[in-house]
A.B. asks: 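Let me give you the structure first, and then I'll get to my questions.
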Amino acid sequence: MRNTITIIIEAAQALNAGFRDVLSRHFLCSIGGSMPGLYVRLPFTRLSAWVEWGIPGAGLGLVRSSDHDVEFFLGTVRGVLSAEPKGFTA
């Protein structure tokens, strides 16, 4: 009986670790520090976004930083919208 309970607990811990690993590839939130931010990658697409906010204002604007990235500035919020090139695997 004790062995069965141990197997169930270990299986639940392995599922939990696997779920956290999959989730961390698509979502990351940084709350502390001087520049808190949020990273989101849409599952089954090449699209991702990084948004950060903080005290230093960056003004208003939109800049195409590369073929695949667009940076935006909205006062104290700034971010990058990205589409990875085809064939890119993370």
A.B. asks: Between V70 and V80, is any pair of side-chain heavy atoms under 4.5 Å apart?
C.D. replies: no

A.B. asks: Could you pull out the closest heavy-atom pair between Y39 and S48, with the gap in Å?
C.D. replies: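 The answer is OH-CB, 3.8 Å.
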
A.B. asks: Between R78 and E52, is there a side-chain heavy-atom distance shorter than 4.5 Å?
C.D. replies: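 Side-chain contact under 4.5 Å: yes.
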
A.B. asks: Identify the heavy atoms of L38 and V40 that sit nearest to each other, and give their distance.
C.D. replies: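 That closest heavy-atom pairing would be CG-CG2, 4.0 Å.
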
A.B. asks: Nearest 0.5 angstrom please: L47 CG to H68 NE2, how far?
C.D. replies: 12.5 Å

A.B. asks: Testing N3, I9, I8, I7 one by one against I5 for a side-chain contact (heavy atoms from CB on, under 4.5 Å), which residue passes?
C.D. replies: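 Between I5 and the candidates, side-chain contact (heavy atoms from CB on, under 4.5 Å) is satisfied uniquely by I9.
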
A.B. asks: In Å and rounded to the nearest 0.5 Å, what is the CZ to CG distance from F73 to L62?
C.D. replies: 9.0 Å

A.B. asks: Identify the two heavy atoms, one from V77 and one from V51, that lie closest to each other, and give their separation to 0.1 Å.
C.D. replies: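 Smallest heavy-atom distance, with atoms named: CG1-CG1, 3.7 Å.
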
A.B. asks: Looking at CG of D69 and CG of L81, how far apart are the two atoms once the value is rounded to the nearest 0.5 Å?
C.D. replies: 9.0 Å

